[in-house]
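To start, the structure under review is shown below, and the notes come after it.
All values reported here derive from a predicted model rather than from experimental measurement. So that the names make sense, note that chain A is the first sequence line, chain B the second, and so on, each numbered from 1.
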Amino acid sequence: DVFFLTGLDEHGQKVQQAAAKAGIDPQTHCDKLAPQFKDLWNRLNISNDAFLRTTDPQHKFFVQEILQELYDKQLIYQDSYTGWYCTFDERFWTEKDVENGLCPDCKRPVEKLSEHNYFFKMGAYQDRLIDYFKTHENFIRPESRRNEVLGFLQTQTLGDLSISRPKSRLSWGIELPFDKDYVTYVWFDALVNYVSALEYLRPTPSRDRYWPASIHLIGKDILTTHAVYWSTMLMALNLPLPDMIFAHGWWTVDGEKMSKSRGNVVDPNKMIDEFGADAFRYLLLREVPFGQDGDFSQSAMVTSINSDLANGIGNLLSRTLTMIERFAGGKIPAAGTPALPEIEKKIAAAATSLPDKLDRGFGALTFRENLQAIWELIALCDEYIDKAAPWKLAKNPEDGPQLKTVLNTAARALRLLSVSIYPFMPQTAAQLSQQLGVSFDFSRSITSSQSQWDVTLADIPIAKGASLFPRIESSRQGAKTVSESPTPPQATPVAPVLRTSTTLAATPAPAEPAQITIDEFMKIQLKTAKVLSAERVPKSEKLLKLQVSLGAEQRQIVAGIGKKYEPEALVGKTIVIVANLKPAKLMGIESQGMVLAAGDSEVRGLATILEEVDPGTKVK
RNA sequence: CGCGGGGUGGAGCAGCCUGGUAGCUCGUUGGGCUCAUAACCCAAAGGUCGAAGGUUCAAAUCCUUCCCCCGCAACCA
């Protein structure tokens, strides 16, 4: 009895900004995005029972009820707050957090803001929270993540949580029921979805039936909000906490982080187009111990399709069905006498224990290990067929009983395999069982008899069809599925639960630089300068600190050319600088100008003057 | 001392917490088989487990130091 919820978190500043950028109102923006996710889940055969959007009216209403309840309990209070605000992260920082006017998290500039806000008494729950984490070992998983949160909680004081935003600053949110000038903080709204869904996406009383949730499956980037904010909110509401919060890792692509600017984003829709949903699902769950970061590559995809899917389960079905056609008249024969008792025992043992083993694995979310266990059975069957050699048995009529056993055993193994792979590859499972003639109806839940090993299978006509997974030949391996262009404004969700991709606005096309007049150019004062000394800026990757002479004047310039040039190589050289650039600080060091160098993002070479000229000479 | 991850046969990884003959997948080589999607089965080759030191009867595993790689962050004024 499972209720599988997924959905979208649609409020907040970033959504508002993205919508504004696209020139549409936030709701329209969200309405455009949501179907992309729904379609993708459909194509991937994700079996979610409901899809919640935090802009659903019933959700909003429920959030307001909760806010009112906490307000009535005096767990929400109003106070004025002054601090450094980071728009990107939608959060305030304290004075000591902020370095050089930059957000310590995203390093974007922060602005000083003072405003009245409502606060949730989160800090009051610090001890209770620590205690809860300690007494519930599996509450946060994997363990490394648990340690991370616990460490943070035990060394720092948990403050109260500002849960309101004045409408003057942010209007895209759920209005506070007790103060119409404010909307609630996006996380306060979003986290509530786990409970609100049970209020309106399922007939009541589903809340009693499904809460507390067995698991919140989230990305590792949103662990703190779930483990700390949400837990304290539930405590304040006197609701039980979920059994487990599991923070999964991220995918890299060919060893590199996926990013739109790199243009290496894997578009799941393209992967489905090219390889099929089942193969894609298989790879994602097979490649990495679930929870850890993993690396995705096209070649790994092809390798695993060929060796595990085509040569593995696909070929096992193919060879078994062909033999049943040829040696048994197209019907699965009843078992006869043992052919190879030793291997048959091994198969029986593996097959009998498989369902329970997989069950435990699903409970522990060890998907990769489950697939390994399934594939062990496949390997065992291949070995069995090879050694029993049905094609030889078929030549001697007196070996008939043994032949029947071999074919029957292989067929029963495939029957069990179809059930076993169903959670991973639903389409394939259905095809397999259909070709095998047992035709399971996977739209209903799997019964224990379907996964039972000791069943009588006799006289079942098979229906051999197309290969489950055709091999991918090497010519296709070079085909690029990873998008080449850095422009896909597609939804590329990584975390399937919340915070999917609310910030995906269209990337603006790079505009051709407009022409400027000579007057505008003359505003820029270029001068020659002689490098007196140069040294690396400690801890920087490519910054050099230069002392240069402009004749009468001496300047300090910080330049990002350290990847191309060694400091010693520059001393004594005459270079060109922008002399009237407003000074700026780089890593705390003041730079009073800018050196000219060729190159785009990477420095290729410094600009110099063809003839010897005095330092400080004007360049135009 | 910015934060984090990692260095194990040709490639990709597991093992490390809870020391005790180094394992998996792919690849390579040789053989077998012919039911099967040039597939499947068997066998072999191939590793000073980044380096050094320490603890121990015993170290890939624990401790110390160092080197290297990769993310993130800072950074191209």
Side-chain angles (χ1 to χ4, degrees), chain A residues 99-100 102-108 143-144 147-148 220-221 249-250 252 255-259 286-289 292-295 297 299-300 302-328 343 368-369 372 375-376 378-394 403 406-407 410 464 466-473 536-544 557-564 577-578 580-597 599-604:
Chain A
E99 299 167 45
N100 300 327
L102 297 177
C103 168
D105 192 40
C106 69
K107 311 296 177 186
R108 290 172 172 79
E143 199 181 349
S144 55
N147 295 339
E148 194 180 299
K220 65 181 184 181
D221 50 327
W250 294 341
T252 54
E256 292 193 328
K257 190 188 163 154
M258 230 189 273
S259 78
R286 174 67 181 79
E287 188 69 4
V288 179
Q292 294 183 23
D293 291 350
D295 187 54
S297 74
S299 61
V302 171
T303 303
S304 99
I305 287 177
N306 280 346
S307 59
D308 297 348
L309 300 181
N311 299 352
I313 192 153
N315 183 54
L316 180 62
L317 178 71
S318 170
R319 69 194 305 203
T320 303
L321 294 185
T322 302
M323 287 191 288
I324 290 174
E325 274 180 351
R326 273 215 226 169
F327 308 141
I343 303 184
R368 190 171 78 145
E369 287 72 10
Q372 274 169 351
W375 256 253
E376 274 169 29
I378 293 173
L380 211 47
C381 289
D382 273 329
E383 183 191 345
Y384 174 61
I385 291 171
D386 227 74
K387 292 189 172 155
W391 49 93
K392 282 185 184 162
L393 298 175
L403 173 63
V406 176
L407 298 181
K464 189 169 195 287
S467 296
L468 296 181
F469 298 99
R471 281 181 64 84
I472 297 170
E473 295 313 325
R536 291 197 175 275
V537 174
K539 276 172 223 146
S540 77
E541 190 185 12
K542 56 184 173 186
L543 290 187
L544 297 185
I557 294 180
V558 180
I561 54 177
K563 269 194 169 171
K564 178 73 182 173
I577 67 161
V578 180
N580 61 341
L581 196 64
K582 191 176 166 193
K585 274 195 173 183
L586 295 176
M587 298 196 71
I589 302 168
E590 177 154 305
S591 181
Q592 304 152 328
M594 167 178 165
V595 304
L596 294 188
D600 195 1
S601 56
E602 200 170 303
V603 172
R604 308 270 290 277

Does [N] have a Watson-Crick or wobble mate here (both distances under 3.5 Å), and if so which one?
{"N": "B:U34", "result": "none"}
{"N": "B:A51", "result": "B:U65"}
{"N": "B:A44", "result": "B:U28"}
{"N": "B:C75", "result": "none"}

Expected output: side-chain [X] to main-chain [Y] donor-acceptor under 3.5 Å:
{"X": "A:Ser297", "Y": "A:Ala300", "answer": "yes"}
{"X": "A:Ser318", "Y": "A:Gly314", "answer": "no"}
{"X": "A:Asn306", "Y": "A:Ile472", "answer": "yes"}

Sugar-phosphate, base or nothing in reach of [X], heavy atoms under 4.0 Å:
{"X": "A:Ser318", "answer": "base"}
{"X": "A:Asp382", "answer": "sugar-phosphate"}
{"X": "A:Ile561", "answer": "nothing"}
{"X": "A:Val558", "answer": "sugar-phosphate"}
{"X": "A:Met323", "answer": "base"}
{"X": "A:Lys464", "answer": "nothing"}
{"X": "A:Pro470", "answer": "base"}
{"X": "A:Leu543", "answer": "sugar-phosphate"}
{"X": "A:Ala300", "answer": "nothing"}

From [atom1] of [X] over to [atom2] of [N], roughly how many Å is that when rounded to an integer?
{"X": "A:Asn306", "N": "B:U25", "atom1": "CG", "atom2": "P", "answer": "17 Å"}
{"X": "A:Leu316", "N": "B:C35", "atom1": "CG", "atom2": "P", "answer": "16 Å"}
{"X": "A:Leu380", "N": "B:C41", "atom1": "CG", "atom2": "P", "answer": "11 Å"}
{"X": "A:Ile378", "N": "B:C40", "atom1": "CD1", "atom2": "C1'", "answer": "13 Å"}
{"X": "A:Asn315", "N": "B:C40", "atom1": "CG", "atom2": "P", "answer": "6 Å"}
{"X": "A:Glu287", "N": "B:A11", "atom1": "CD", "atom2": "P", "answer": "17 Å"}
{"X": "A:Glu590", "N": "B:C75", "atom1": "CD", "atom2": "P", "answer": "16 Å"}
{"X": "A:Asp308", "N": "B:C40", "atom1": "CG", "atom2": "C1'", "answer": "15 Å"}

Nucleotide nearest [X] when distance is taken to its side chain, options [options]:
{"X": "A:Arg326", "options": "B:U37, B:C35, B:C40", "result": "B:C35"}
{"X": "A:Arg319", "options": "B:C35, B:U37, B:C33", "result": "B:C35"}
{"X": "A:Asp386", "options": "B:G32, B:C13, B:U34", "result": "B:G32"}
{"X": "A:Glu383", "options": "B:C42, B:U37, B:C75", "result": "B:C42"}
{"X": "A:Leu468", "options": "B:C76, B:G32, B:U37", "result": "B:U37"}
{"X": "A:Lys387", "options": "B:C26, B:C76, B:C42", "result": "B:C42"}
{"X": "A:Ala310", "options": "B:C75, B:C26, B:U37", "result": "B:U37"}

Provide the distance between the two [atom1] atoms, one in [N] and one in [M], to the nearest whole Å.
{"N": "B:U28", "M": "B:G15", "atom1": "P", "result": "27 Å"}
{"N": "B:C41", "M": "B:G53", "atom1": "P", "result": "45 Å"}
{"N": "B:A60", "M": "B:C17", "atom1": "C1'", "result": "14 Å"}
{"N": "B:U21", "M": "B:U61", "atom1": "P", "result": "14 Å"}
{"N": "B:C26", "M": "B:U18", "atom1": "P", "result": "33 Å"}
{"N": "B:U8", "M": "B:C13", "atom1": "P", "result": "9 Å"}
{"N": "B:C57", "M": "B:U48", "atom1": "P", "result": "28 Å"}
{"N": "B:C16", "M": "B:C63", "atom1": "P", "result": "14 Å"}

Phosphate contact (B:C40 OP1 or OP2) by A:Asn311 side-chain N/O below 4.0 Å: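 Yes, within the criterion.
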Do the side chains of [Y] and [X] get nearer than 4.5 Å, heavy atoms only?
{"X": "A:Leu544", "Y": "A:Val537", "value": "no"}
{"X": "A:Ser304", "Y": "A:Glu287", "value": "no"}
{"X": "A:Val595", "Y": "A:Ile557", "value": "yes"}
{"X": "A:Leu317", "Y": "A:Lys464", "value": "no"}

Salt-bridge contact A:Arg319-A:Asp386 (side-chain N to carboxylate O under 4.0 Å):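 Salt bridge: yes.
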